[in-house]
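Everything on this sheet refers to the single structure shown next.
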Amino acid sequence: MAGRFELYKSPNGQFRFRLKAANGEIIASSEAYTTKAAAANGIQSVKKNADSAIVDLT
């Protein structure tokens, strides 16, 4: 099974998403969004921009 995005409503009524690895471990979580559509756009942005170079700032 590949990793997956989960879109959910937090207890305060805002929308968030998290990215889970194939083993179920949460590897990324989002900021809070006021609308479900905005959270879904955040997922699309991560998908679009995830294939980028690694920048080592150490």
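The first residue in the sequence is number 1, and the count goes up from there.
The two residues V46 and F17 make their nearest non-hydrogen contact at CG2-CZ, 4.0 Å. For the pair N12 and S10, the tightest heavy-atom approach, listed with the atom from each and the gap, is OD1-OG, 2.5 Å. T34 and Q14 make their closest contact through CG2-NE2, 3.7 Å (heavy atoms, listed as atom of the first residue, atom of the second, distance).
A side-chain donor-acceptor contact under 3.5 Å links R16 to the backbone of S30.
You'll find the side chain of I27 stays beyond 4.5 Å of the side chain of K20, heavy atoms only. Side-chain contact between N41 and Y33: absent, with no pair of heavy atoms (C-beta onward) separated by less than 4.5 Å.
In this structure, CD1 in I43 is found 15.5 Å from NZ in K48, a value given to the nearest 0.5 Å.
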